[in-house]
Amino acid sequence: MSVQKKLINDPLKVADELVEGLIEAYNGEVRMVGTRSVVKNSIPDGKVALLVGGGSGHEPIYHGLVGRNLADGAACGDIFAAPPPNIVFEATEAVNKGNGVLYLYGNYAGDVMNFDIGAEMAEDEDIDVRTVLIADDVCSAPPTEKDKRRGIAGLVPIVKIVGAASQKAPNLDELEKVAKKAVLETRSVGVSMSPGSIPATGKPTFEIEADKIGLGMGIHGEPGVGEIPMSTADELTPQMLDMIIEDFEKDDDVEALKEGDDIVLIVNSLGATTMMELLICLRKAKDYFNSRGINIHDVVVGPLVTCQEMTGISFSVTRVDDVLKKFWNMPCQSLCYTKMTGRYGDLS
Amino acid sequence: MSVQKKLINDPLKVADELVEGLIEAYNGEVRMVGTRSVVKNSIPDGKVALLVGGGSGHEPIYHGLVGRNLADGAACGDIFAAPPPNIVFEATEAVNKGNGVLYLYGNYAGDVMNFDIGAEMAEDEDIDVRTVLIADDVCSAPPTEKDKRRGIAGLVPIVKIVGAASQKAPNLDELEKVAKKAVLETRSVGVSMSPGSIPATGKPTFEIEADKIGLGMGIHGEPGVGEIPMSTADELTPQMLDMIIEDFEKDDDVEALKEGDDIVLIVNSLGATTMMELLICLRKAKDYFNSRGINIHDVVVGPLVTCQEMTGISFSVTRVDDVLKKFWNMPCQSLCYTKMTGRYGDLS
Amino acid sequence: MPKESLNSAEVRDMMLAVADKIIEAEPILSEADRQLGDGDHGIGMERGMNAVKEKLTSEEPDDIGKVFMNTGMAMMSSMGGASGAIFGTVFRAGGKAIKGCEAFTAAEAATFFQAACEGVKERGGAKPGDKTMVDSLQPAAEKAAEVTDQPLPAAMAAIADAAEAGKEASKDMIATMGRAKTLGEKSVGKADAGACSVAIIVATMRDFVA
Amino acid sequence: MPKESLNSAEVRDMMLAVADKIIEAEPILSEADRQLGDGDHGIGMERGMNAVKEKLTSEEPDDIGKVFMNTGMAMMSSMGGASGAIFGTVFRAGGKAIKGCEAFTAAEAATFFQAACEGVKERGGAKPGDKTMVDSLQPAAEKAAEVTDQPLPAAMAAIADAAEAGKEASKDMIATMGRAKTLGEKSVGKADAGACSVAIIVATMRDFVA
Ligand SMILES: Nc1ncnc2c1ncn2[C@@H]1O[C@H](COP(=O)(O)OP(=O)(O)O)[C@@H](O)[C@H]1O
Ligand SMILES: Nc1ncnc2c1ncn2[C@@H]1O[C@H](COP(=O)(O)OP(=O)(O)O)[C@@H](O)[C@H]1O
Ligand SMILES: [Mg+2]
Ligand SMILES: [Mg+2]
Ligand SMILES: [Mg+2]
Ligand SMILES: [Mg+2]
């Protein structure tokens, strides 16, 4: 694929400029703090705060998950780069309302190191910080090594649920529990057909043959479990969902997905893959779960977790029990995901 | 650009399959009617109905605009093709609750002819039909020939406003008035950097040199006012917004946009253009309107009106007075656009 | 063997031949539309002609006019798009005008093409010179009116020539209707996609009776 | 002229030379990361080194350890990413260990590289053989401990050789950390991007004192 014509200015300033734009997109609900953090304008005193973050370039996440009944703030890194510790610290100070801050972000070496240093800085200022890592990509490590898994589009339902829970959470311990449960119940698989490109270099993040797709590829183009021949929506969808189902089965920390379970399903585009394709795959996914007696409680479809103009799709499944369902059903509003009311809300 | 690897099945069945998927995405709120129409499950008796529609392949519009406080139904055509009259008629019958049906769709020859024949069929069944055409693309004809303009991303604020108005509209006349006003106050300009491709042929919809962009191009790749050299976000944004401002000025049917006016701003991706780019352009647009004393009442950013994996961006401006603002501020929920509450809602 | 007149079964076979030719020409028609429009004209016509084949082979062809009308209905309800309405109207309006006729001769051809052309102009509002399929259909209809006294093969040959010449003439026109209109001057040099379809349809009718 | 020891101004100049070399190597470093990771390593290092240049030229270099620590702080707070934390730690931990020293000689180099390596391993948890920059930094640190009695130019030459050899050895390793780990066997044959950076940094230090 040739170098993309991107509508940007200085290629080295895209992260700063896009976060400026993001502030405008929120039109008064959030503000810029410190070097490059996005923080809600109204966080109630005593609220247990929720901080997300990570590299830029994956819009609408991560900073697009700040919002009503969602995260209180985000520490924004440069393109595909974890935010430096000072940005994490600045965001932490800004969201802290005296009852501690939960860090909830994708499990990448860079993010872990930088958030950890940020947490050390925050602890020096007597801010209570707890960290839960999002590690939903079943293709990035076996179930016995979940601590090595990458965080991909499963972060959307996880942050949605934890954001809702954080509104009334009595303390950091309780919120941490919800977050750990949401992470445990969330599993994702992605594929990619073609790469996105890095704005600063114009270069694609990986190469792949014209008739192949990368199964299990990560959202930065990290290799997955292997390349397979390009196939159809109806062949690929069950193949990917099987991997999710099998992962629930094989993992001793969690029950297998079974008849009668309720799930939230995310069908995500990695960038240039069209909503048309997502819908065609969703149609097949619905069949797949129907035939297993698994109930799709809610579904979100769209480009939520992207890698520039990369093509590809990922499925994420979160099993929701009554507690998680209650949090899922709350309304929320943000750049990344907005939900007016529950499934059977009062407006017709 | 080489042929895209698309996740589809039979290339000639994509429209049917994507609408099936769309029904699943709505998870119980809409159903399929007739050949290929999407209709809400709960339309109150006596409601003045709102019907939208057009060719598929531009997802999340047009069928993605069916929803709470939005359209009651959509007549869905094949990829880039207006729905045939029988589909329009089936949709009309299904949304009609005895108080008439407003057709609100983009001004394309094919759509006009097919919806007109559908309306003739509906009138034979004593269903009262009124039509308002969306024609917001200022690059497709001069202000003196607005009836020749294409409908592009301005349809999102227009359908949002008219959908809200339709909830309490006393009759078809009143709803038609709101729709005409919303159309009159909405203007858009688009550009494209590279084409999307037609699923059935795999061919790009147009060709363009590597260092050029098409100014004023339509959402099917229709030529605009000319090709200009590829430029930066900060150069192109004011250039495009100037065209919108000038159009308001030159059009005798409407007042010029002036200091103190409130607008709703849509920053739309035509497909593969990233949210990152949209946000960088939004940042510049905010400056532009700020310096003119024009107030951005609300802003929507994202891939709303697309042409497969086409790259490009469009700006749409709707001037909102107190009446239109009231309708804009109502919550809404659909695949294309969801709004939890007004800008200063009760949830923090 | 040249045919002086067609019965309803022959008209059906002629339309089946037309359907096959259009389906065969899909890439050409799509490419023509890609130059000036959105590139889907061939796809749409193919979809329509597949529906025509299904429709015409599922029913007994008892009336010549109805064979054409069924052709139009099948196109209109399967294609959508500008061409679904336009080409659907060609056959619905043309067929309606000769409903009940006993045989398809040069006289019926003239009635057919003139009604078709009037129907299309009313439906879509295009005038000759707007660079649409009207620029092929109208010369065909005019020529048909001049050759009503000729044997069907000769008449159809003259009509097909007129349709072809009209399509060629569309190259020099500046598009003012539909998706191509904003191309303006740039549209010059390329034939209208719908006009290409008309030329193929009429040429196939000519070959069928020749 | 070979330098037996460096004062704080010279250490600053050496780090400015390192910054220029890394900035120059941006395409090479990005390409290495593109093979195994996400292709941004050169960009990140360039960003960090630009911050280093700004920081080091804006302050008087009064303490050798602080020059290194400022280098680390500038990198850590401007780069982000894995390498911001890792390379920031190299210079912060290394610099802290020799804070207050009067001159940078082979002995200080040994203290610097060993503290840097320990700091990185503690921060990131990588072990030698994981195909990270540790595979270049650790051999460099080990060699530095062996050559403390040599003149600085000779010591740095030996340390640079060790870093280079470590980088080369990383080609044969299977990635188990970071973005490249799922490549598994496929990662064999390509050098780790961070190890390339270490090799360039140490080689530039060698050239500066030579
Ligand atoms: N108003 C009209 N009157 C007559 N023919 C028209 C009109 N609008 C479009 N056409 C014909 O339709 C053709 C385009 O058909 P097609 O590509 O199938 O539909 P669409 O424009 O909806 O994509 C044009 O080449 C032109 O000949
Ligand atoms: N845990 C770690 N310990 C040591 N070095 C590491 C670690 N994780 C990553 N690295 C180094 O960082 C390099 C990648 O840096 P860079 O591309 O800038 O960051 P990112 O991985 O965030 O994109 C790797 O080549 C490796 O040498
Ligand atoms: Mg990175
Ligand atoms: Mg079309
Ligand atoms: Mg077309
Ligand atoms: Mg990297």
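Within every chain, numbering begins at 1; the chains are lettered A, B, ... in the order of the sequence lines, protein sequences first and strands thereafter.
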Q: Which atoms of A:Lys212 are under 4.5 Å from chain B, going by heavy atoms: the side chain, the backbone, both sets, or neither?
A: backbone
Q: Donor-acceptor pair, distance only, cut-off 3.5 Å: does the side chain of B:Asn9 make one with the backbone of A:Thr232?
A: no
Q: So which of B:Leu282, B:Asp234, B:Thr274, B:Thr237 has the biggest tally of heavy-atom pairs under 4.5 Å with chain A?
A: B:Asp234
Q: Keeping the roles fixed (side chain from B:Ser269, backbone from B:Ile313), state whether a donor-acceptor pair exists under 3.5 Å.
A: no
Q: Using atom types as modelled and distance alone, determine if a side-chain donor or acceptor of A:Lys6 lies under 3.5 Å from a backbone N or O of A:Ser197.
A: yes
Q: Would you tell me whether A:Lys339 and B:Thr338 have side-chain atoms, one donor and one acceptor, within less than 3.5 Å of each other?
A: no
Q: At a 4.5 Å cut-off on heavy atoms, which part of A:Ile79 comes close to chain B: side chain, backbone, both, or neither?
A: side chain
Q: Report, in residue-number order, which members of residues 299-308 of chain A are under 4.5 Å from chain B by heavy-atom distance.
A: A:Val299, A:Val301, A:Pro303, A:Gln308
Q: My understanding is that only one of A:Glu17, A:Glu24, A:Glu20 makes a salt bridge (charged side-chain N to carboxylate O under 4.0 Å, His left out) with B:Lys286; could you say which?
A: A:Glu24
Q: For B:Ile296 and B:Phe289, which heavy atoms make the closest approach, and how far apart are they?
A: CD1-CD1, 4.0 Å
Q: Is there a side chain to side chain contact (heavy atoms under 4.5 Å, CB included) between B:Ile280 and A:Leu7 once you walk through the steps?
A: CA-CA 8 Å; B:Ile280 291 173; A:Leu7 270 182; over 6 Å; no
Q: Evaluate whether atom NZ of B:Lys97 has more than 12 neighbouring non-hydrogen atoms of other residues, nucleotides or ligands under 6.0 angstrom away.
A: yes
Q: Could you check whether any side-chain N or O of B:Lys40 sits under 3.5 Å from a backbone N or O of B:Gly67, counting only pairs where one atom can act as donor and the other as acceptor?
A: yes
Q: Do A:Leu18 and A:Ser56 have side-chain heavy atoms sitting under 4.5 Å apart?
A: yes
Q: Which one wins on heavy-atom pair count under 4.5 Å against chain A: B:Ala210, B:Ser231, B:Ala285?
A: B:Ala210
Q: By a 4.5 Å heavy-atom criterion (distance strictly below it), what part of A:Met230 contacts chain B: side chain, backbone, both, or neither?
A: side chain
Q: For A:Leu265, is it the side chain, the backbone, both, or neither that has a heavy atom closer than 4.5 Å to a heavy atom of chain B?
A: neither
Q: Which one, B:Cys332, B:Gly312, B:Gly64, leads in non-hydrogen pairs under 4.5 Å with chain A?
A: B:Cys332
Q: Which bit of A:Leu236 comes within less than 4.5 Å of chain B, counting heavy atoms only: side chain, backbone, both or neither?
A: side chain
